[in-house]
Amino acid sequence: MTRFLVAAVHRIAGRPWALVTGNLAGDALRAGDEMELSDRTGTVHPVVIRSIEMHGPPGTTTLAVDAAFADLLGAGSILRRG
């Protein structure tokens, strides 16, 4: 199981992605992998990883996901892949 705990979400104007920084545990991810995000109502949303950046501070990873999910993601959100 792969788990990504979100620490911060960043949007860049004019870009189709939101950048999500946090801590990755479990199996490695690749661009194109699909993860699940449960929102506050319990609805599960499939989130596709568009890009992965691992050159941030030690122990952190930044994922690019579709900007449409930016409002559902925030510090403490968890993305899972089973």
Side-chain angles (χ1 to χ4, degrees):
M1 178 162 159
T2 301
R3 182 177 182 265
F4 184 82
L5 176 61
V6 176
V9 178
H10 308 280
R11 291 173 142 177
I12 300 173
R15 298 273 177 111
W17 300 337
L19 301 176
V20 183
T21 301
N23 299 88
L24 179 64
D27 297 330
L29 292 175
R30 295 184 186 141
D33 283 352
E34 187 173 290
M35 298 186 80
E36 294 182 344
L37 168 67
S38 295
D39 66 20
R40 294 176 196 157
T41 68
T43 302
V44 176
H45 304 272
V47 176
V48 176
I49 306 304
R50 301 299 179 182
S51 180
I52 302 169
E53 174 66 55
M54 300 192 329
H55 299 289
T60 64
T61 300
T62 298
L63 306 177
V65 300
D66 293 326
F69 294 103
D71 291 338
L72 296 176
L73 290 162
S77 296
I78 297 173
L79 294 169
R80 289 186 174 89
R81 185 180 70 180

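Small disclaimer: the values here were computed from a predicted structure and weren't measured.
You'll find the side chain of Met35 stays beyond 4.5 Å of the side chain of Val65, heavy atoms only. Taking the side chain as every heavy atom from C-beta outward, Leu37 and Val44 never approach each other to under 4.5 Å. Proximity of Val47 to Asp66: side-chain heavy atoms (C-beta onward) are nowhere separated by under 4.5 Å. By the 4.5 Å heavy-atom criterion applied to side chains, Thr61 and Phe4 are counted as neighbours.
The side chain to side chain contact (heavy atoms under 4.5 Å, CB included) check on Ala64 picks up Trp17, Leu19, Arg50, Ser51, with sequence neighbours excluded. With sequence neighbours left out, the salt bridge (charged side-chain N to carboxylate O under 4.0 Å, His left out) criterion links Arg3 to no other residue. Applying the side-chain hydrogen bond (donor to acceptor under 3.5 Å, both in side chains) rule to Arg11 yields the partners Asp71; only residues at least two apart in sequence or on another chain are considered.
Between the CG atom of Leu63 and the CD1 atom of Ile52 there is a distance of 6.0 Å, given to the nearest 0.5 Å. Taking CG of Leu5 as the reference point, atom CZ of Arg80 lies at 9.5 Å (rounded to 0.5 Å).
Listed by first then second residue, pairs satisfying side chain to side chain donor-acceptor pair (under 3.5 Å) with a partner in residues 40-49 read Asp39-Thr41, Asp39-His45, Thr41-Thr43, not counting sequence neighbours. Pairs passing the side chain to side chain donor-acceptor pair (under 3.5 Å) check and including a residue from residues 20-33, sequence neighbours excluded, read Thr21-Thr62, Asp33-Arg81.
Minimum heavy-atom separation, Ala70 to Ala18: CB-CB, 3.8 Å.
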